[in-house]
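Below is one structure, written out as structure tokens; the observations come after it.
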Amino acid sequence: MKTNVLLGTIALAGLAAGAVAADTLEDVKARGKLNCGISTGLVGFASQDAQGDWQGFDVAVCRAVAAAVLGDPTAVDFTPTTNKVRFEVLNSGEIDMLARNTTWTFSRDVDLKLEFGGINYYDGQGFLVPKELGVSSAKELDGATVCIQSGTTTELNLADFFRTNNISYEPVPISTPSEAQQQYLAGACDVYTTDASGLAATRAAFEDPSAHVILPEIISKEPLGPLVRHGDNNWGDVIRWTLNALIAAEELGITSANIEELSAGTTNPEVNRLLGTEGSLGEMLGLSPDWGRNAIAAGGNYGEIFERHIGQNTPIGLARGLNAQWIDGGLLYSPPFR
């Protein structure tokens, strides 16, 4: 009996210690910086400008979180991570969150002990080929050499697609998008496969994008989103509801142009709760009342971020598609702020 009591006491102490160790929100506040893992370089999503500053769709999520927690969208240290080590870097505590075109899957959620904070881009795996190859369908790729990033969901998807269609391929493993671009342009592979958004970003960086074609087949579902470690529920809530704030802001008509005016108070209770002039949502998260306002002001609402970095008027040229608001026929949908 005494042994059981002792073991129970030790177990409870261990749980308490784990809870303290997992208080990422307090760590970020004390540090005064958010440590955010991003891609090693993917135009439109995470790349450095001429001044060496990180810009992009995923980068904007990091900046929104920094603004929500610290009131400063520039209070971020970015850590470029490869596909192979991104989860190890997150679980080691080197970074506080990962915002790196990462697919939400069962095994990553359950087996790798990761917690996804929602979906910021609905994607699917596609194929990029030189126009001169004369291919109009992925089903015509029998015997092709295919550049594919190791440690990604695309490896299994590719194997399944070729097996289902009774065709063969030769994989050419690569580690980063930049390596994929180099190998593909050098002719080391006939095809490059990854998420369709990544293919559009890669093609946009080519000297002659029109010489390359993204084939029509989308062979998988790739819901991409930011993620944190299991066991730190409060921090997970901060990431989740910051992303939801950006999505809800677009639906509610809150923009970078009118947020100051709306922050003075409106007749819409949900807008007021989101911007902190009504209710206590910030207190529930352990943040200031204006956390939502700060997150949105960092780079605008979801739609503004999308159009600035990867929309149809950018070199990436992506249509909203599934990433349109639900009221516009897309899948984008935030739970209510109440």
Side-chain angles (χ1 to χ4, degrees), residues 36 38-39 42-47 49 54-68 73 76 97 99-102 104 116-124 195-198 200-201 204 222-226 238-263 266 268-276 281 290-338:
C36 195
I38 53 172
S39 168
L42 185 62
V43 176
F45 287 85
S47 61
D49 61 20
W54 286 97
Q55 305 289 342
F57 186 74
D58 287 332
V59 169
V61 174
C62 300
R63 295 199 185 281
V65 172
V76 189
M97 62 178 289
R100 191 201 175 285
N101 54 300
T102 299
W104 189 350
F116 283 77
I119 299 168
N120 71 333
Y121 193 91
Y122 291 90
D123 212 343
D195 299 341
S197 62
E222 306 294 332
L224 312 179
V238 169
I239 305 304
R240 180 177 302 105
W241 286 99
T242 297
L243 175 58
N244 285 336
L246 303 179
I247 294 170
E250 182 182 19
E251 179 185 345
L252 294 168
I254 305 170
T255 70
S256 55
N258 66 17
I259 193 167
E260 290 296 333
E261 177 185 352
L262 297 179
S263 294
T266 74
N268 185 322
E270 187 157 24
V271 170
N272 295 342
R273 288 191 292 267
L274 179 54
L275 298 182
L281 300 187
D290 59 354
W291 70 276
R293 174 197 174 283
N294 292 339
I296 299 161
N301 63 38
Y302 179 94
E304 291 178 286
I305 293 170
F306 189 104
E307 294 306 325
R308 182 183 309 114
H309 296 293
I310 58 176
Q312 290 185 298
N313 294 321
T314 70
I316 313 302
L318 294 173
R320 288 293 292 268
L322 295 177
N323 296 289
Q325 289 280 342
W326 66 284
I327 53 177
D328 298 322
L331 297 179
L332 214 61
Y333 190 111
S334 168
F337 282 79
R338 64 169 184 265

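Numbering starts at 1 and runs along the sequence shown. All values reported here derive from a predicted model rather than from experimental measurement.
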To the nearest 0.5 Å, what is the distance between [atom1] on [X] and [atom2] on [Y]?
X	Y	atom1	atom2	result
Ile119	Leu224	CD1	CG	8.5 Å
Asn120	Tyr122	CG	OH	9.5 Å
Ile38	Trp54	CD1	CH2	4.0 Å
Asn268	Leu252	CG	CG	6.0 Å
Leu331	Gln325	CG	CD	11.0 Å
Leu275	Glu260	CG	CD	10.0 Å

So do [Y] and [X] actually touch side chain to side chain, heavy atoms under 4.5 Å?
X	Y	result
Leu274	Ile296	yes
Tyr333	Ile247	no
Ile310	Ser197	no

Heavy-atom pair of closest approach, residues [X] and [Y]:
X	Y	result
Leu318	Ala200	CD2-CB, 3.7 Å
Ala204	Ile316	CB-CD1, 3.9 Å
Leu246	Ala295	CD2-O, 3.7 Å
Ser39	Arg100	N-CG, 3.3 Å
Gly300	Ile305	O-CD1, 3.6 Å
Glu222	Asp195	CG-OD1, 3.4 Å

- Message: Can you classify the ring geometry of Phe116 versus Trp104 as parallel (below 30°), tilted (30 to 60°) or perpendicular (above 60°)?
- Response: parallel
- Message: Once you measure the plane-to-plane angle for Phe306 and Tyr121, does it fall in the parallel (<30°), tilted (30-60°) or perpendicular (>60°) bin?
- Response: parallel
- Item | Any pair counted as side-chain hydrogen bond (donor to acceptor under 3.5 Å, both in side chains), so long as it reaches residues 295-305, sequence neighbours left out | Ser256-Glu304
- Task: Output every pair passing side-chain hydrogen bond (donor to acceptor under 3.5 Å, both in side chains) with a member in residues 307-323, not counting sequence neighbours, ordered by first then second residue.
- Result: Glu250-Arg320
- Item | Sidechain-backbone polar pair: Arg273 side chain, Phe337 backbone, donor-acceptor under 3.5 Å | yes
- Note on the structure: Sequence neighbours excluded, the answer for ring-ring contact (aromatic ring centres under 6.0 Å, His included) partners of Trp291 is none
- Query: What do the steps show when you test Ser263 against Asp290 for side-chain contact (heavy atoms from CB on, under 4.5 Å), and what is the final call?
  - Reply: CA-CA 9 Å; Ser263 294; Asp290 59 354; over 6 Å; no
